[in-house]
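Notes to accompany the following structure.
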Amino acid sequence: MESIEKLGDLTGKTVLVRCDLNVPLNEKGEITDDRRIREAVPTLKDLLSRGAKVIVTAHLGRPGGKEDPAYSLAPVAQRLSELLGDPVILAKDAAGEDSKKLAKELKPGEVLLLENIRFRPEETSKDEEERMKLAEDLASMADLFVFDGFGVAHRKHASSYDVSKLLPSYMGFLVAKEEKALSRALEDPARPYTVVMGGAKVSDKLKVIVHLLDVADRILVAGGMAYTFIKANGGQIGQSLVEPDMLDEARECMRIAKEKGVEFVLPKDLVVADAFSADASTEIVDAYEVPENMMGMDVGPKTCEEFAAKIADSKTVFWNGPLGVFEFPKFAEGTRFIAQAMKKATQNGAFTIIGGGDSAAAVDAFGFKDGDFSHISTGGGASLEFLKGEGLPALGEK
Ligand code: AMP
């Protein structure tokens, strides 16, 4: 895909833009982190400045293919309008009658946001023909398509993958920025190259870890996923999170790491709790000796120090996934400590990437600034898929 920089004057043209505006909301429906909306603005402003009529399509949460007011893009429309300094018209549906009517009435310099595209079951359907019907509805409203929703670049969805087959398609500034930064971690990274993997699910991330064994020098594993590896090594993990059917694969992953000479580092100590709750009683224990009635909730101080030292000694660091249950302040210290180590490494000249999702939300919540790291990705799953080096479907690769 070519960049929108190649586009000239767009007066009279309607451009459909797929953005990733999937922001977290609190119980009151207020946006708690507007990073993804902020990151969508440069492309939209550029298209508007070229005289285009802009239609934005995006999703929010997982409404399961049904209209559900709890997942309306209304709060996003309001925030986007504030950031653009222009009104944003919100359609009542996702590429339906109301969208099509409003698209026809749209004037140069105006922005129309379609309702949550995941209100339509076709968006995420496995059936290509079904998805194509929605892609045709979307394409019927526009002359050009711009893909800028990096967070969904690894998905074959109607509004990201299929629609690009129906219209002349370009990539937006955010996608270009993400590709450029992540490519530095994939192609000839400055060494030592350290990957820090946290988060809850081994099954989601194990394939990526195995791929990374070909490029990284060190892999530091923490968070909920570490316990499966610790158990696979014969450790006692008490009530900690575990994926029993992944034990063999975890063992195999560590064997390959050894074979390839990649340092594979697991937590040495843990903060354990007697319940999965914000005010549980806690203790610091050896990571291989979690008491039977306790569960791991965060990494301990020795692990923090060891991980921080390895980060400090790196020239490239990619980090995805929290090191503990950071949503509870008592168990956020490991994640905060690693964010601080990443910041310091950046100041010392390392190239550092925060790999989206919960890690990006965590550094935002801790009050770190964009400039504290080399790159904060807007896509957790997408950045991990990118690092496999197999391309991303929405960018026209594989
Ligand atoms: P993921 O989506 O796989 O990146 O997982 C993110 C989630 O992992 C967050 O909601 C964390 O609360 C959770 N998490 C991190 N560490 C642990 C842990 N030690 N036990 C349980 N969940 C954890």
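Order of listing sets the numbers, starting from 1, for every ligand and every atom in it. Computed from a prediction, not measured in an experiment: that's the story for all the values here.
- Dense packing is recorded around NZ of K100, with more than 12 heavy atoms of other residues, nucleotides or ligands lying under 6.0 Å away.
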For R120 and H59, run side chain to side chain donor-acceptor pair (under 3.5 Å): C-alpha distance rounded to whole Å, both residues' side-chain angles, the deciding distance at 0.1 Å, then the answer.
CA-CA 10 Å; R120 298 273 301 257; H59 76 282; over 6 Å; no

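- The part of Y227 lying near ligand 1 is the side chain, judged by heavy-atom distances below 4.0 Å.
- Protein heavy atom closest to atom 15 (C) of ligand 1, with residue, atom name and distance, is G324 O, 3.1 Å.
- Atoms of ligand 1 lying under 4.0 Å from at least one heavy atom of G296, given by number and element, are 18 (C), 19 (N), 20 (N).
- When the options D372, T352, I353 are evaluated for a side-chain contact (heavy atoms from CB on, under 4.5 Å) with M342, the one that passes is T352.
- Under a 4.0 Å criterion applied to the non-hydrogen atoms of G199, ligand 1 contributes the atoms 1 (P), 3 (O), 4 (O), 5 (O), 6 (C), 8 (O).
- No heavy atom of M295 sits closer than 4.0 Å to any atom of ligand 1.
- No donor-acceptor distance shorter than 3.5 angstrom exists from the side chain of R131 to the backbone of D162, with no hydrogens or angles considered.
- Distance CD/E136 to NZ/K133: 9.0 Å, rounded to 0.5 Å.
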Go through the steps to decide whether S99 and D93 satisfy the test side chain to side chain donor-acceptor pair (under 3.5 Å), and finish with yes or no.
CA-CA 6 Å; S99 300; D93 54 26; 2.6 Å; yes

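- Remark: side-chain polar atoms of N22 are paired, donor with acceptor, to backbone N or O of G61 under 3.5 angstrom.
- Distances below 4.0 Å separate heavy atoms of K201 from the following atoms of ligand 1: 3 (O).
- Among all protein heavy atoms, the one lying closest to atom 17 (C) of ligand 1 is G224 N, 3.2 Å.
- D358 OD2, 3.0 Å is the protein heavy atom nearest to atom 6 (C) of ligand 1.
- Taking a cutoff of 4.0 Å between a charged side-chain nitrogen and a carboxylate oxygen, D214 and K260 qualify as a salt bridge.
- Looking from atom 4 (O) of ligand 1 to the surrounding protein, the closest heavy atom is K205 NZ, 2.9 Å.
- Contact atoms of ligand 1 toward M297: 19 (N) (distance under 4.0 Å to a heavy atom of the residue).
- Inclusion of P322 in the set of residues having an N or O under 3.5 Å from an N or O of ligand 1 is not warranted.
- Among protein heavy atoms, the minimum distance from atom 23 (C) of ligand 1 is reached at V325 CG2, 3.6 Å.
- With hydrogens left out, the protein atom closest to atom 11 (C) of ligand 1 is E327 OE1, 3.6 Å, a heavy atom.
- By the 3.5 Å distance cut-off applied to N or O atoms, G223 is not counted among the residues near ligand 1.
- A donor-acceptor contact shorter than 3.5 Å links the side chain of D269 to the backbone of T303.
- S164 and S169 share no donor-acceptor pair across their side chains, judged by distance under 3.5 Å alone.
- Shortest contact from atom 5 (O) of ligand 1 to any protein heavy atom: A200 N, 2.9 Å.
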